[in-house]
Amino acid sequence: MNLPTGQFIILAYCILTIFLTDNIEIFSVSSVIMVILSIIISCLSYFILNKYFILAISGIYSIISLAVPGFLIMSPLILYNNAAFPGWQAVIVFIMFLAGIASGLYNTNIAICFMVLIGIILACYIQHMQHQLNRFILQSNRTRDETTEHAILLESRNKSLLEKQDYEIYNATLKERNRIAREIHDNVGHLLSRSILLTGAIKAINKDPDCKEPLNNLHESLGQAMESIRESVHNLHDDSVNLEETVKALVTNFNFCNINFTYDMGTDIPNEIKFSFISIIKEGLNNIYKHSNATNVNILLREHPVMYQLIIKDNGSTAKNKNVMEYIHKTTSNTGIGISNIASRTSMLKGSMQIHTNDGFCIFITIPKT
């Protein structure tokens with residue numbers, strides 16, 4: 001709330017008017033009463049700030065002023081708050097005070113009425129300037145807020161565009177690696193395979209002892225080149241796997257029930273983490289298909305500062321509130337070792353796995369970052 005600076009100025013003006021008056025008979029006795037009363041009315045008007053309350057209390061004060069003209073001297077302070085609510089009601093109150101001033105001309109001197117009139121004009125002017133200042137501050141704050149909001153929105157859009165651009169670059173890089181791996185496998189790999197077969201055939205029919213050693217060296221070199229190509233293709237293929245897109249494809253092809261998939265991981269994920277998570281999700285979905293009556297599955301992949309997290313949770317009732325080990329033994333004894341495979345993969349990555357059956361079947365896996 002702003003300080004009532006305008007009220008202080010008008011109050012000082014009214015008190016100055018009291019000190020300057022020569023009509024001791026009228027004002028000396030009632031000065032304290034009218035000052036206190038006007039201050040109380042002004043404070044109530046300032047804190048309550050209700051149009052109808054201010055107009056009503058100003059009207060009552062104007063009626064008192066008609067009966068006791070000395071009270072007119074504090075009318076600028078009363079009309080200060082009244083001027084904050086322009087309208088026909090405020091005009092009526094203003095006219096009542098003017099009537100009091102006109103009536104007071106017969107009971108007080110003209111100088112006092114003139115000072116009161118000047119005070120009223122000053123009060124209205126200060127209130128108008130205060131209103132303009134408040135409007136300017138409000139508009140300034142609105143402009144500042146809009147500018148800040150636009151800046152935040154622009155920053156958010158720029159961040160989103162950069163993230164999208166980084167993802168597109170990452171995705172394009174993976175596709176290019178995959179393409180290169182296919183090209184090497186389909187072209188260079190086939191050529192090396194044919195060359196190895198040809199050298200093997202030549203070695204088989206060769207009768208010249210002088211050619212035996214060079215042919216053996218050539219065959220061995222081609223074999224080493226083939227192994228190097230296979231390793232390179234394997235590495236390129238592993239690096240070209242997009243974890244998010246692969247899991248999305250698994251989710252799309254799973255028609256047993258609805259799946260809500262949440263992905264919150266970066267792009268620099270170790271290959272062993274990616275392939276383990278893909279295999280675990282496959283095992284989890286397979287177990288849901290075989291053993292659960294779930295209608296909804298939630299899959300969460302999230303990266304934290306010190307670990308990776310995978311959660312697979314369904315709303316099925318077949319495992320609800322059952323003993324975890326008994327349920328796993330019952331469901332896997334005749335159909336496979338899916339949970340054991342998941343536990344084994346998690347253990348190989350030095351992670352931890354928890355299974356809950358309080359509300360459906362939930363697999364909670366955390367893998368520490370190395």
Side-chain angles (χ1 to χ4, degrees), residues 165-254 263 265-287 301 303 308 310 335-351 365 367-370:
Q165 182 182 17
D166 291 341
Y167 178 78
E168 289 178 351
I169 293 174
Y170 170 73
N171 205 25
T173 302
L174 296 186
K175 289 181 179 179
E176 184 63 16
R177 286 178 179 175
N178 204 15
R179 186 192 67 81
I180 293 173
R182 287 198 307 268
E183 289 290 334
I184 294 175
H185 178 269
D186 294 341
N187 297 324
V188 181
H190 288 170
L191 290 174
L192 285 174
S193 297
R194 189 171 67 178
S195 299
I196 291 172
L197 291 175
L198 289 174
T199 54
I202 294 172
K203 284 176 58 179
I205 63 175
N206 177 51
K207 303 299 183 182
D208 188 352
D210 295 334
C211 295
K212 183 177 180 180
E213 187 65 25
L215 285 174
N216 289 334
N217 292 335
L218 176 60
H219 188 77
E220 183 179 352
S221 297
L222 289 173
Q224 292 176 354
M226 190 63 184
E227 288 299 320
S228 178
I229 288 295
R230 284 175 179 168
E231 184 178 353
S232 299
V233 169
H234 179 74
N235 292 335
L236 281 173
H237 176 71
D238 288 350
D239 291 338
S240 66
V241 173
N242 187 322
L243 178 59
E244 181 180 8
E245 295 298 327
T246 304
V247 177
K248 280 184 177 179
L250 293 175
V251 169
T252 302
N253 295 327
F254 190 75
Y263 185 87
M265 299 180 70
T267 55
D268 188 18
I269 306 169
N271 289 331
E272 61 271 18
I273 300 290
K274 288 194 293 186
F275 288 107
S276 293
F277 277 0
I278 292 171
S279 298
I280 290 171
I281 292 172
K282 286 181 179 179
E283 293 280 7
L285 293 178
N286 186 53
N287 287 340
L301 281 170
E303 180 179 358
Y308 299 100
L310 168 61
T335 58
I337 52 174
I339 298 295
S340 299
N341 286 339
I342 293 175
S344 176
R345 290 182 182 277
T346 304
S347 179
M348 288 175 60
L349 297 172
K350 299 180 180 179
I365 294 172
I367 306 296
K369 290 185 176 180
T370 56

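Side chains are part of it too, since the values below use all heavy atoms of this structure and drop only hydrogens, waters and symmetry mates. Just so you know, residue 1 is the first one in the sequence shown, and it goes up from there.
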Checklist entry - Can I202 and L218 be said to form a side chain to side chain contact (heavy atoms under 4.5 Å, CB included), step by step? => result CA-CA 11 Å; I202 294 172; L218 176 60; over 6 Å; no

Checklist entry - With sequence neighbours excluded, what pairs up with I278 under the side-chain contact (heavy atoms from CB on, under 4.5 Å) test? => result V241, L243, T246, L250, K282

Checklist outcome for this item: For G351 and P368, the nearest pair of non-hydrogen atoms, with its separation, is CA-CD, 3.7 Å

Checklist outcome for this item: So CG of L301 and CD1 of I269: to nearest 0.5 Å the spacing works out to 8.0 Å

Checklist entry - How long is the gap from OG on S344 to CD1 on I339, to the nearest 0.5 Å? => result 12.5 Å

Item to check | Partners passing side-chain contact (heavy atoms from CB on, under 4.5 Å) against P270 (at least two apart in sequence or in another chain) | outcome: E272, I273, Y308

Checklist entry - Can you list the steps and then say if I280 with E283 is a side chain to side chain contact (heavy atoms under 4.5 Å, CB included)? => result CA-CA 5 Å; I280 290 171; E283 293 280 7; 5.6 Å; no

Checklist entry - With no hydrogens and no angle check, is any side-chain donor or acceptor of T252 less than 3.5 Å from a backbone partner on K248? => result yes

Checklist entry - In chain order, what residues pass the side chain to side chain donor-acceptor pair (under 3.5 Å) check against N216, with sequence neighbours excluded? => result K203

Next on the checklist: Holding to side-chain contact (heavy atoms from CB on, under 4.5 Å), I want the full list of residues that pass it with I196, two or more places apart in sequence or in another chain.
Outcome noted: H219, L222, M226

Item to check | Residues that E303 engages under salt bridge (Lys or Arg N to Asp or Glu O under 4.0 Å), provided they are two or more places apart | outcome: K369

Checklist entry - So L310 and I281, side chain to side chain contact (heavy atoms under 4.5 Å, CB included) or not? Walk me through it. => result CA-CA 9 Å; L310 168 61; I281 292 172; 4.1 Å; yes

Checklist entry - Does S347 use its side chain to pair, donor to acceptor, with the backbone of A343 at less than 3.5 Å? => result no

Checklist entry - Where do G266 and Y263 come nearest, in terms of heavy atoms and distance? => result O-OH, 3.4 Å

